[in-house]
Amino acid sequence: MKINTERKVTQFGWPFFFLIISLLVAVCYVQTINYPFVWDDEEMVVNNPLIKEWRYLPQIFQTSAFAEVSSSPKFYRPLQIITYLFNYKLHGLSVHGFHIVNIVLHIFSSFFVFLLFRLFRFGKTGDWLSLIYTVHPMHVESV
């Protein structure tokens with residue numbers, strides 16, 4: 001019987017990667033906290049009556065993200081508008097509040113990607129891919 005004397009290389013645990021992901025997102029996106037609303041934010045946030053009252057919650061599922069009633073869902077994003085509703089109730093029209101919540105949501109979505117890679121046993125490749133997902137420039141608009 002042969003005894004294995006090699007040291008087993010242990011991977012970093014999830015708390016370490018949650019910290020790394022949080023730091024990476026903070027470094028990449030902390031400067032956005034002071035940016036004003038831009039482009040479609042005027043229609044989707046500032047001038048959108050659906051995010052200002054809880055009573056409009058059912059309407060969010062029947063209209064476009066721009067609060068337009070239409071027979072075809074041109075820009076149907078009810079979850080995005082619901083997050084705007086919660087943001088508005090917490091922070092009003094404060095750009096700081098909206099950006100902070102979006103940064104926190106990006107941290108959790110990036111961590112979820114990391115957990116999926118771990119679940120499907122991608123190993124170190126999955127760890128690196130999750131970090132690339134975290135800092136990829138395609139997320140600039142959502143954050």
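Position 1 is the first residue of the sequence; numbering continues from there. Not measured: the values here are computed from a predicted model.
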Starting at [atom1] of [X], measure out to [atom2] of [Y] and round the result to the nearest 0.5 Å.
| X | Y | atom1 | atom2 | result |
| --- | --- | --- | --- | --- |
| Leu129 | Phe122 | CG | CZ | 7.5 Å |
| Thr32 | Ile100 | OG1 | CD1 | 9.0 Å |
| Ser94 | Phe37 | OG | CZ | 7.0 Å |
| Phe111 | Arg118 | CZ | CZ | 8.5 Å |
| His106 | Ile21 | NE2 | CD1 | 9.0 Å |
| Asn102 | Asn87 | CG | CG | 6.5 Å |

Restricting to non-hydrogen atoms, name the atom on [X] and the atom on [Y] that form the minimum distance, rounded to 0.1 Å.
| X | Y | value |
| --- | --- | --- |
| Asp127 | Ser130 | O-OG, 2.7 Å |
| Pro58 | Arg55 | CD-O, 3.5 Å |
| Leu93 | Val46 | CD2-CA, 4.1 Å |
| Tyr76 | Phe61 | OH-O, 3.1 Å |
| Thr134 | Ser110 | OG1-CB, 3.3 Å |
| Val45 | Ile51 | O-CD1, 3.2 Å |

Answer with yes or no whether the hydrophobic clustering places [X] together with [Y]; edges join I, L, V, M, F, W, Y residues whose side-chain heavy atoms lie under 4.5 Å apart.
| X | Y | result |
| --- | --- | --- |
| Tyr133 | Leu23 | no |
| Val101 | Tyr29 | no |
| Phe98 | Ile82 | yes |
| Leu19 | Val25 | no |
| Ile20 | Phe108 | yes |

Donor-acceptor contact below 3.5 Å, side chain [X] vs main chain [Y]:
| X | Y | answer |
| --- | --- | --- |
| Asn48 | Met44 | yes |
| Asp41 | Val38 | yes |
| Tyr84 | Lys52 | no |
| His99 | Tyr35 | yes |

>> For a 4.5 angstrom cut-off between non-hydrogen side-chain atoms, does Phe18 reach Ile107?
In response: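 In short, these two side chains touch, coming nearer than 4.5 Å.
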> Does any non-hydrogen side-chain atom of Phe66 lie less than 4.5 Å from one of Asp40?
Replying inline: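 Side chain of Asp40 against side chain of Phe66, heavy atoms only: contact under 4.5 Å found.
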>> Quick one, Val135 with Leu131, criterion side chain to side chain contact (heavy atoms under 4.5 Å, CB included). Give me CA distance, side-chain angles, the key distance, then yes/no.
In response: CA-CA 7 Å; Val135 298; Leu131 294 178; over 6 Å; no
> Is the Trp54 ring parallel, tilted or perpendicular to the Phe86 ring (thresholds 30°, 60°)?
Replying inline: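 Ring orientation, 0 to 90° scale: perpendicular.
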> Is the ring centre of Trp128 less than 6.0 Å from the ring centre of Phe114?
Replying inline: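 They do not qualify: ring centres at least 6.0 Å apart.
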